Amino acid sequence: MAKRAKKSRTTARRNRAQQKNLSDLFHETLKDIYFAENKIIKTLPKMAKAAQSRELAAAFNKHLKETHGQVKRLDRVFRMLGKPARGKSCEAINGITDEGAEIMKEFKGAPALDAGLLAAAQAVEHYEIARYGTLRTWAEELGLPEAAELLQATLDEEEATDQTLTRLATSVVNIEAEQREAA
Ligand code: FE
Ligand code: FE
Ligand code: FE
C-alpha cells in the first residue's frame, strides 16, 4: 500500500513536470506565432499591391483583415494564460517572407510574378497551419478548451485561405498563358 502511494506520488510529480514543460512550450510557441502574424500584417499589403490578378489582390486583402482578427484571438489566449501578449522573433517566417520579397523583386512585371506570389503565400499559410494545429492540440492537452477553440477558429481561416490560393493558382496560370500568347 505504502509502495503504491509512493508510486502514485512519483507519477503525479512526473506528470506535473511534463505539464509544466508543455505549458512552457505552449507559451513559447504562442510567442512564435504572434511574431509571425504581426510580420504577415506587414507583408500582405505589399503582396496585394504587387499582384497582377485582381482576384489574387482581393484574396490577400481579405486575409489581411482576417489576420488582424487572428492577432486579437492570440491576445485573448495570452490573457487566459495571464501572460503579456509578446512576440519572439521567428526565423522561419522571416525566411519565408524574405523569399516572397525576393520573388517580388526579381519577377517584377514578369508574367510569372503572380504564380510566385501564390507560392510564397502558400508557404506562409502552411507554416501557420502547422503551428496552429500543434497549438490547438496542446491547448486541449493542457485543459484550456477555450484557447483550443480560438486556435481552431484561426486554423480554419488559414486552411480556407490555403484552399482559395490553390483555386486561384489555376486562373493565375491561365492569365500567364494569355500574356505569353499576347507577347
Ligand atoms: Fe494567420
Ligand atoms: Fe517559428
Ligand atoms: Fe494566414
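Atoms within a ligand are numbered from 1 in the order they appear, just like the ligands themselves. It should be emphasised that the depicted structure is a prediction, and the values quoted were computed from it without experimental measurement.
For residue Gln70, an N/O/S atom approaches the Fe ion (ligand 1) to within less than 2.8 Å. The distance from the Fe ion (ligand 3) to the nearest N/O/S atom of Glu37 is not under 2.8 Å. The nearest N, O or S atom of Tyr127 is closer to the Fe ion (ligand 2) than 2.8 Å. Not one N/O/S atom of Glu66, from backbone or side chain, sits under 2.8 Å from the Fe ion (ligand 1).
Surrounding CZ of Phe78 are more than 12 heavy atoms belonging to other residues, nucleotides or ligands, all under 6.0 Å away. Within a 6.0 Å radius of CD in Glu99, other residues, nucleotides and ligands contribute 12 heavy atoms or fewer.
Note on Glu125: its N/O/S atom closest to the Fe ion (ligand 3) is OE1. When you scan the N, O or S atoms of Glu128 for the one nearest the Fe ion (ligand 1), you land on OE2. Take the N/O/S atoms of Asp32: the one nearest the Fe ion (ligand 2) is OD2. Glu158 has its closest N, O or S atom to the Fe ion (ligand 1) at the position named OE2.
The closest side-chain donor-acceptor pair between Glu158 and His63 falls under 3.5 angstrom. Tyr132 and Arg136 share no donor-acceptor pair across their side chains, judged by distance under 3.5 Å alone.
The heavy-atom pair separating Ala148 from Glu140 by the smallest distance is CB-CG, 3.8 Å.
Taking NZ of Lys46 as the reference point, atom OG1 of Thr97 lies at 8.0 Å (rounded to 0.5 Å).
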